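Within every chain, numbering begins at 1; the chains are lettered A, B, ... in the order of the sequence lines, protein sequences first and strands thereafter. Since this is a predicted model, take the numbers as computed values, not measurements.
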Amino acid sequence: MEKVKVHPEPERCRVRFAPSPTGYLTLGGARTALYNYLFARHYKGTFILRIEDTDLVRSTQAFTDGILESMNWLGMEWDEGPFYQSKRLDIYKEYADKLIKEGKAFYREDPGKGTGVVFKMPEGIKLRVDDLIHGPIVFESEYLTDVVIVKSDGYPTYNFACVVDDSLMNVTHIIRGDDHISNTPKQIALYEGMGLPVPKFAHIPLILGEDKSKLSKRHGHNSVVEYKKLGYLPDALFNFLSLLGWSPGENIELMPKNEIIERFTIERVKHTPAQFNFKKLDWMNSHYIKNLEPAKLLALVKPLLTEAGYNVNKFDDVHQLTLVNLYRERAETLRDFVEATGFLFHDDVTYNPEAVEAYVKPAKSKEVLQDVFSGVNNLGEFSHASLETLLRNISENRKLKFKDIAQPIRVALTGNTVSPGIFETMELAGKEMVTKRLQKALQL
RNA sequence: GCCCCGAUCGUCUAACCUGGUUUAGGACACAGGUUUUUCAAGUCUGCAAUACGGGUUCAAAUCCCGUUCGGGGCACCA
């Protein structure tokens, strides 16, 4: 494939992300924004945010707010904007009038909709897109139709407003989804018709859903806010999205934001579409959860626990940190904390019947639980160390494997067979809860 | 239908531009071993791919052509 050189002048390149506020920020949109952001930061250029709200019917302020919030959440700060196309109507009108005056565009009546303005596609010319990712792509104008540039409601169309704005905002590189390739020759014809310089283009491959079609609402979770709600960390999603169609080589995958910026180049962006791999996102998210600073993790988890009705403040600050540190090893998403720590906050345990059958009901287990109950009651200090001594002793005296001690307690205390280490868990639950639940388990 | 883009393990990808260093590497997932206090995590091992057919060349995953398959676009949506 013929290569097109990027040549971004350091500190001079200008890129933009131009979402239309007709929905929340989708994963595909976020990835497009991300690649623009990475390009700008890597080359120390400028990242512009422009809201393409020229669809009067479908655009809403709520969606605009949602998009800005998602951008902030993912940590993609912009340098200029947000600019709103709906506030630039006079500018588009000026350019449209000029084209009409020069005979390059004309009014056209649509029987259903009214009078709009249409740009006449020049005949018999070749329109060449110098694509940074795909190489040169040539279109014959004979296959292209005239382009509507102003709708009958007076608003510019996407293809027109986009060209005028990119030119006026001095955008040097247009990085957008593959699905815009076929719009590009029309836009180039408009640039040329208005005598404006044509920017460079980089069409990045689409993100596909599990059925291999363009990722959309049909594929379930598709917006950034949903991923936030599901308990994914912004840095994890940032990292994951960066790898969907780009790779630094060298077999590196887990990278902090600054390293991604440092390594990102448009030359290394693939030209093949990528399927979204939820399992890998989970894995990556768990990695970020494991490595987050305790205080930051707590700040993220606490609201979720509170929202679930848990009285987190019954633990002091130190124990709150202990709690997140204990459970982070087992969490793939922040939501997992809610499920896993429930027993610590509920007055009563919800016993898993099978677990009770296997680890509490047997006579041997009851004897163990009785030992633990009296042992705990006689314990001077209720700590990890004293609990360990106690349980090890019981295990030795009864000639039982440690597992046969730990599991009955675990089920008695948490209602289930899964938890962090038994000493840590007991210590965190506290003496009162432990004795109360041992007593209850003994009645089963 | 027309125009355009694309094709490496199930998935994300490396190697492709600049052909030989490749018995095609890594990651996720999956399977097994190990560790162990349950579950995870960790660690070790295994499974698994150059769509097909022609060229070019001493040599092709890599360059060229075709076929097939997949995707995108063809709005007074963006």
Legend entry - Exercise: do A/Arg128 and A/Thr184 side chains pair donor with acceptor under 3.5 Å: no
Inset, instruction - Select base, sugar-phosphate, or nothing to describe what A/Lys401 touches, counting heavy atoms under 4.0 Å on all strands. - result: nothing
Legend entry - Euclidean distance for P, B/C9 against B/U34 (whole angstrom): 33 Å
Inset, instruction - For B/A24 versus B/C65, give the span between their C1' atoms, rounded off to a whole number of Å. - result: 25 Å
Inset, instruction - Walk me through it: do A/Lys93 and A/Asp97 pass the test salt bridge (Lys or Arg N to Asp or Glu O under 4.0 Å)? - result: CA-CA 6 Å; A/Lys93 185 173 188 315; A/Asp97 286 348; 2.9 Å; yes
Inset, instruction - Determine the interatomic distance between P on B/C5 and the same-named atom on B/C47; round to the nearest Å. - result: 39 Å
Inset, instruction - Would you classify A/Leu206 as touching base, sugar-phosphate or nothing, given that sugar-phosphate means primed atoms plus P, OP1 and OP2, and contacts are heavy atoms under 4.0 Å? - result: sugar-phosphate
Inset, instruction - Can you tell me the distance, in whole Å, between the CG atom of A/Leu132 and the P atom of B/C5? - result: 16 Å
Legend entry - Residue pair A/Ser20 / A/Asp53, side-chain heavy-atom distance below 4.5 Å: no
Legend entry - Residues A/Asp336, A/Arg330; criterion salt bridge (Lys or Arg N to Asp or Glu O under 4.0 Å); working and verdict: CA-CA 8 Å; A/Asp336 293 343; A/Arg330 292 154 180 81; over 6 Å; no
Inset, instruction - Measure the distance from NZ on A/Lys212 to P on B/A51 and round it to the nearest whole Å. - result: 13 Å
Show each protein N/O and nucleotides 74-78 of chain B N/O combination with a separation under 3.5 Å, one pair to a line.
from  : atom 1 : to       : atom 2 : distance (Å)
B/C76 : O2     : A/Ser152 : N      : 2.4
B/C76 : O2     : A/Ser152 : OG     : 3.0
B/C76 : N4     : A/Asp110 : N      : 2.9
B/C76 : N4     : A/Gly114 : O      : 2.7
B/C77 : OP2    : A/Lys151 : NZ     : 3.1
B/C77 : O2'    : A/Asp55  : OD2    : 2.9
B/C77 : O2'    : A/Arg58  : NH2    : 2.8
B/A78 : OP1    : A/Thr54  : O      : 3.2
B/A78 : OP1    : A/Thr54  : OG1    : 2.7
B/A78 : OP1    : A/Asp55  : N      : 3.4
B/A78 : OP1    : A/Lys151 : NZ     : 2.7
B/A78 : OP2    : A/Tyr158 : N      : 3.2
B/A78 : O3'    : A/Glu52  : O      : 3.3
B/A78 : O3'    : A/Glu52  : OE1    : 3.2
B/A78 : N6     : A/Asn183 : OD1    : 3.3
B/A78 : N6     : A/Asn183 : ND2    : 3.4
B/A78 : N1     : A/Asn183 : ND2    : 3.2

Legend entry - Whole-Å distance separating the CG atom of A/Asp211 from the C1' atom of B/U11: 14 Å
Legend entry - Presence of salt bridge, A/Asp166 and A/Arg50, under 4.0 angstrom: yes
Legend entry - Gap between atoms NZ and P, on A/Lys214 and B/G6 respectively (whole Å): 18 Å
Legend entry - Pair assignment for B/C2, Watson-Crick or G-U wobble, requiring both distances under 3.5 Å: B/G73
Inset, instruction - At under 4.0 Å between heavy atoms, which parts of nucleotides 27-46 of chain B does protein reach? Answer with one letter per nucleotide, 5' to 3': B base, S sugar-phosphate only, - none. - result: BS--------BBBSS-----
Inset, instruction - Starting at atom CG of A/Leu215, determine the distance to atom P of B/G72, rounded to an integer number of angstrom. - result: 11 Å
Legend entry - Spacing of A/Ile204 atom CD1 relative to B/U13 atom P, expressed in whole Å: 12 Å
Legend entry - Sidechain N-carboxylate O distance under 4.0 Å for A/Asp282, A/Lys280: no
Legend entry - Nucleotide B/G6, atom P - distance to CG of A/Asp178 in whole Å: 8 Å
Legend entry - Any-strand Watson-Crick or G-U partner of B/U23, both distances under 3.5 Å: none
Legend entry - Same-atom distance (C1') from B/C52 to B/G70, integer angstrom: 15 Å
Legend entry - Rounded C1' spacing from B/U22 to B/A41 in Å: 33 Å
Inset, instruction - If B/C30 has a Watson-Crick or G-U wobble mate with both distances under 3.5 Å, name it; if not, just say none. - result: B/G46
Inset, instruction - Taking the six-membered ring of A/Phe106 (Phe, Tyr or Trp), confirm whether the NZ or CZ of A/Arg108 is under 6.0 Å from its centre and within 45° of its axis. - result: no
Inset, instruction - Could you name each residue pair satisfying salt bridge (charged side-chain N to carboxylate O under 4.0 Å, His left out) that touches residues 135-145 of chain A, not counting sequence neighbours? - result: A/Lys126-A/Glu140
Inset, instruction - State whether the number of non-hydrogen atoms from other residues, nucleotides or ligands found under 6.0 Å of A/Glu123 atom CD is greater than 12. - result: no
Legend entry - Nearest-Å distance once atom P is located in both B/C4 and B/U45: 49 Å
Legend entry - First of A/Leu144 and A/Leu243 reached from the 5' end of RNA chain B, by closest nucleotide: A/Leu144
Inset, instruction - Using both distances under 3.5 Å as the test, list the Watson-Crick or G-U wobble partner of B/U68, or none. - result: B/A7
Inset, instruction - Can you sort out the partners of A/Glu192 under side chain to side chain donor-acceptor pair (under 3.5 Å), two or more places apart, ordered by chain and number? - result: none
Inset, instruction - Could you tell me whether A/Ile149 contacts a base, only the sugar-phosphate backbone, or nothing, with contacts defined as non-hydrogen atoms closer than 4.0 Å? - result: nothing
Inset, instruction - Look through every strand shown and name the nucleotide pairing with B/A59 as Watson-Crick or G-U wobble, where both distances are under 3.5 Å. - result: none
Inset, instruction - Establish, for the pair A/Arg392 and A/Phe402, whether the NZ or CZ atom is under 6.0 angstrom from the six-membered ring centre and no further than 45 degrees off its axis. - result: yes
Inset, instruction - Taking side chain to side chain donor-acceptor pair (under 3.5 Å) as the test, write out the residues that go with A/Ser152, two or more places apart. - result: none
Legend entry - Spacing of the C1' atoms in B/U62 and B/C16 (rounded, Å): 4 Å
Legend entry - Worked check of ring pair (Phe, Tyr, Trp, His ring centres under 6.0 Å) between A/Tyr43 and A/Phe264: CA-CA 9 Å; A/Tyr43 292 107; A/Phe264 182 86; 8.3 Å; no
Inset, instruction - Using atom types as modelled and distance alone, determine if a side-chain donor or acceptor of A/Arg14 lies under 3.5 Å from a backbone N or O of A/Phe47. - result: no
Inset, instruction - For A/Ile207 and B/G71, give me the distance from atom CD1 to atom C1', rounded to whole Å. - result: 14 Å
Legend entry - Separation of the P atoms in B/G55 and B/G72, to the nearest angstrom: 35 Å
Review item, nucleotides 14-16 of chain B N/O atoms under 3.5 Å of protein N/O:
from  : atom 1 : to       : atom 2 : distance (Å)
B/A14 : O3'    : A/Arg268 : NH2    : 3.4
B/A15 : OP1    : A/Arg268 : NH1    : 3.1
B/A15 : OP1    : A/Arg268 : NH2    : 3.2

